[in-house]
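Contents: one structure, followed by commentary.
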Amino acid sequence: MIYHHTGSKDTYITNKIVANVRRATGGNVGYASTIDLFKLYGENALKGYQGSCDTGSGPVDTDEESNCAGVWSPNLIEKSRGLIYFDFDSLKTEIESLVDVNNGSLKINLVLKDIQGPQVAPSNFTLQLWSVSTSWEEGIGDDISSFSNIQAANWLSSSLGTLWTAPGGDLVTSWENNDEVAQTFVGSQTFDSGWEDLEIDVTEWAQAYWDPSNATVANNYGFVVKFTTEEADTRSYFVKRFASRHSRNPFLRPRLEVSWEDYHLDDRLDFQTNADNNISVRNFSKSTPATVENLPVVQLSYGAWTSSSISSTVDIAGVTQTGMYQATLGSLDLFGTASDLRAHLETSGSILLQEEWTYEDGSANSVLMHSGSFNAVYPLATNTAIPKDYRFSILDLKSTYTTTELPKIRLFIRQRNLANESVRIPIQLKSEIIHKAYYQIKDTNSQQVLIPFSDKLETPNESTRISTDSDGMYFSFPVSVLPRGRTYTIDIAFYDRNERRIYESNMAFKVK
């Protein structure tokens, strides 16, 4: 699953020289639609000051060579730094019923979208993300030309009446992840062309913050985005521009992109005798998931042949699924314990296995939990490499959703050239399943992808992999990821005979 969490506040702070007479150290741009990052070296003069010092005794705009205890440069330096805050407490509350926040598949990326526009982007630079040690105010300033809105946060102050300990923001310079490995900054990214989006992994920092035993990350005051060595070299970098949360385009606003593996595979519809297979059941009591006293035992039978296995509970993304049990069944030994089945399988290609799930109650009685049947297939080689011609239908898709919904979308898949046998009474056709398939959601008009195929990400993962059960294939997605007032479509990518193919749906839904 891929989930988005938007920023609660952002701005950027700067000591830029304005009109060669002052620095914008008191200017606030909290309501600006962009977060501008730059570093200027010797580009402007400042009346009354001849240069800058890297360890001077006073603020940057009052440095003089006479009080410089470090390296004096006749070239004045101007900088900006981005500030951004996400409510990680709310994020944890939103996702912890769906994923264990310490699950190995959980990934949290901080994403800022590039919006250079007509501006020339700098190239070959690195941005670092540091956590902030002091709370700060976003402010309501929006003048990014003369920085005339004197409010906080700014280069000197974190909030009205409160100065940063050091101009430019107070940084946490030492913290530990949950493996007790010492860290300095949270993450970094190198920009080659300068037009790239920022995507920095903040998973370890978030997990350290969520761990009450980790005292090194006790507070969340947000992050600072800043240049690394570029802040002190003799080059200028102007300007790297990201969209802020005040951007009119909701696709561009800063966000945390949270992903985890939430798929589950049930092999009933493609139970192959020469491979391991998983089958599962879900127990309900008056439509509510309910556990049973002891782990169920599943027994498979065909004629006189039987095979029993004890089941286990099912964890999806580290969260135990109430009332859900799974049995992993090894391949059938057709030349040993399952030799009675071989003649039937070789003749017909499949047999109908009976399944029975029972558990022992508190009085040691054997209680029937579920019974049914499914086909076990004896896989044979094919004389063609051409992929199957599948026909997809997307079921349970409503025309409109609200942002609070988590819909379950079901797929029905059949081969186009498969002939149905004539019957005298109505029957329900069974869907086929494809073991490796992924979904994607994109804007119908702009074709912009909001939830991508996770198998084709820069670092592939299984966050959009589609699950299977005894009725076919299904997946869920959080509607809150999708901006309101627009329409979207769903695409399916699947692997068949070692070939990746894409089905593009023409069914659209709207988010209101």
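Note that the structure is a prediction, hence the values are computed from the model and not measured. Basis for what follows: all heavy atoms, side chains included, without hydrogens, waters or symmetry-related copies.
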Could you go through the side-chain hydrogen bond (donor to acceptor under 3.5 Å, both in side chains) check for Ser80 and Asp36 one step at a time?
CA-CA 7 Å; Ser80 76; Asp36 294 351; over 6 Å; no
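- Ring pair Phe147/Tyr12 is perpendicular by interplanar angle, where above 60° counts as perpendicular and below 30° as parallel.
- Remark: Lys39 is not positioned above the aromatic ring of Phe227, lacking an NZ or CZ atom under 6.0 angstrom from the ring centre and at most 45 degrees off the axis.
- Under the 4.5 Å side-chain criterion, counting only non-hydrogen atoms from C-beta, Leu406 is in contact with Leu98.
- Shortest non-hydrogen contact noted between Pro167 and Leu156 is CB-CD2, 4.0 Å.
- Screening Arg23, Glu43, Lys47 against Ile17 for a side-chain contact (heavy atoms from CB on, under 4.5 Å) leaves a single residue, Arg23.
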Tell me, with the steps shown, if Thr25 and Asn15 meet side-chain hydrogen bond (donor to acceptor under 3.5 Å, both in side chains).
CA-CA 5 Å; Thr25 52; Asn15 64 358; over 6 Å; no
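- Electrostatic pairing of Arg465 and Asp262 does not count as a salt bridge here, judged by no charged N lying under 4.0 Å from a carboxylate O.
- Between Tyr31 and His246, the ring-plane angle classifies as tilted under the 30° and 60° cut-offs.
- Taking CD of Glu432 as the start and OH of Tyr390 as the end, the distance is 5.0 Å to the nearest 0.5 Å.
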Go through the steps for Asp455 and Lys436 under the test salt bridge (Lys or Arg N to Asp or Glu O under 4.0 Å), then give the verdict.
CA-CA 10 Å; Asp455 64 317; Lys436 194 173 182 181; over 6 Å; no
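- No side-chain donor-acceptor contact under 3.5 Å links Ser145 and Asp143.
- Atom CZ of Arg484 has 12 or fewer neighbouring heavy atoms from other residues, nucleotides or ligands inside a 6.0 Å radius.
- With Ser454 contributing its side chain and Thr464 its backbone, the two residues share a donor-acceptor pair below 3.5 Å.
- Separating the CD1 atom in Ile451 from the CG atom in Asp491 is a distance of 12.0 Å, to the nearest 0.5 Å.
- With salt bridges taken as basic N to acidic carboxylate O contacts below 4.0 Å, one links Glu405 and Lys398.
- Every pair passing salt bridge (charged side-chain N to carboxylate O under 4.0 Å, His left out) that includes a residue from residues 81-95 is listed here, sequence neighbours excluded: Arg81-Glu231.
- The heavy-atom pair separating Tyr488 from Leu450 by the smallest distance is CE2-CD2, 4.2 Å.
- Ring centroid separation for the pair Tyr237 and Phe38 does not come in under the 6.0 Å cut-off.
- The closest side-chain donor-acceptor pair between Thr190 and Thr126 falls under 3.5 angstrom.
- Of all non-hydrogen atoms in Trp155 and Thr14, the two that sit nearest each other are CB-O, 3.3 Å.
- With hydrogens and angles disregarded, no donor-acceptor distance shorter than 3.5 Å links the side chain of Trp260 to the backbone of Ile2.
- For the pair Gln151 (side chain) and Asn149 (backbone), a donor-acceptor distance under 3.5 Å is absent.
- Residues in residues 181-197 take part in these salt bridge (charged side-chain N to carboxylate O under 4.0 Å, His left out) pairs, two or more places apart or across chains: Lys113-Asp197.
- For the salt bridge (charged side-chain N to carboxylate O under 4.0 Å, His left out) test, no residue two or more places apart in sequence or in another chain qualifies with Asp100.
- Legend: residues meeting salt bridge (charged side-chain N to carboxylate O under 4.0 Å, His left out) with Asp471, ordered by chain and number and at least two apart, are absent.
- Looking at Thr228 and Glu230, their side chains do bring a donor and an acceptor atom within 3.5 Å of each other.
- Phe223 pairs in a ring-ring contact (aromatic ring centres under 6.0 Å, His included) with only one of the listed residues (Tyr85, Trp130, Phe185, Trp205), which is Trp205.
- A perpendicular orientation is assigned to the rings of Tyr438 and Tyr495, their planes being inclined by more than 60° (bins at 30° and 60°).
- Taking all atoms of both residues into account, the shortest heavy-atom contact from Pro407 to Val479 is CD-CG2, 3.5 Å.
- Under a 4.0 Å N-O distance rule, the pair Lys408/Asp396 does not qualify as a salt bridge.
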In sequence, state the C-alpha distance, the side-chain angles, and the governing distance for Phe509 and Phe477, and then conclude on ring pair (Phe, Tyr, Trp, His ring centres under 6.0 Å).
CA-CA 13 Å; Phe509 65 93; Phe477 68 92; 5.8 Å; yes
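- The closest donor-acceptor contact from the side chain of Thr444 to the backbone of Thr487 lies under 3.5 Å.
- Thr6 contributes atom OG1, which lies 10.5 Å from atom NE2 of His4 (distance to the nearest 0.5 angstrom).
- Between Lys226 atom NZ and Leu83 atom CG the span is 12.5 Å, to the nearest 0.5 Å.
- Put simply, the side chain of Tyr439 gets close to the backbone of Ser476: a donor and an acceptor are under 3.5 Å apart.
- Judged by the 6.0 Å distance and 45° axis criteria, Lys240 is not positioned over the aromatic ring of Trp195.
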Trace of the side-chain hydrogen bond (donor to acceptor under 3.5 Å, both in side chains) decision for Asn44 with Glu78
CA-CA 9 Å; Asn44 295 296; Glu78 306 163 69; 2.9 Å; yes
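- Here Arg410 contributes atom CZ and Ser393 contributes atom OG; the two are 13.5 Å apart, rounded to the nearest 0.5 Å.
- With 3.5 Å as the limit, one finds a donor-acceptor pair spanning the side chains of Ser105 and Asn103.
- Minimum heavy-atom separation, His264 to Ser467: N-OG, 2.9 Å.
- Annotation: Gln447, atom CD; neighbour count of heavy atoms from other residues, nucleotides and ligands within 6.0 Å is above 12.
- Between the side chain of Asp469 and the backbone N or O of Gly472 there is at least one donor-acceptor pair closer than 3.5 Å.
- In summary, the side chains of Asp266 and Thr468 do not present any donor paired with an acceptor at a separation below 3.5 Å, with no hydrogens or angles considered.
- Asp170 meets the salt bridge (charged side-chain N to carboxylate O under 4.0 Å, His left out) test with no other residue; sequence neighbours excluded.
- Within 6.0 Å of CD1 on Ile502 lie more than 12 heavy atoms contributed by other residues, nucleotides or ligands.
- You'll find the side chain of Val29 stays beyond 4.5 Å of the side chain of Asp142, heavy atoms only.
- For Ser505 against Met507, the heavy-atom pair with the smallest separation is OG-N, 2.9 Å.
- Checked against salt bridge (charged side-chain N to carboxylate O under 4.0 Å, His left out), Glu138 has the following partners two or more places apart in sequence or in another chain: Arg245.
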For Thr203 and Asp201, what are the C-alpha separation, side-chain angles and deciding distance, and is it a side-chain hydrogen bond (donor to acceptor under 3.5 Å, both in side chains)?
CA-CA 6 Å; Thr203 310; Asp201 190 335; 2.5 Å; yes
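- In the displayed structure, Lys442 atom NZ is contacted under 6.0 Å by more than 12 heavy atoms of other residues, nucleotides or ligands.
- Outside the 6.0 Å centre-distance limit, the rings of Phe494 and Tyr503 are not counted as a close aromatic pair.
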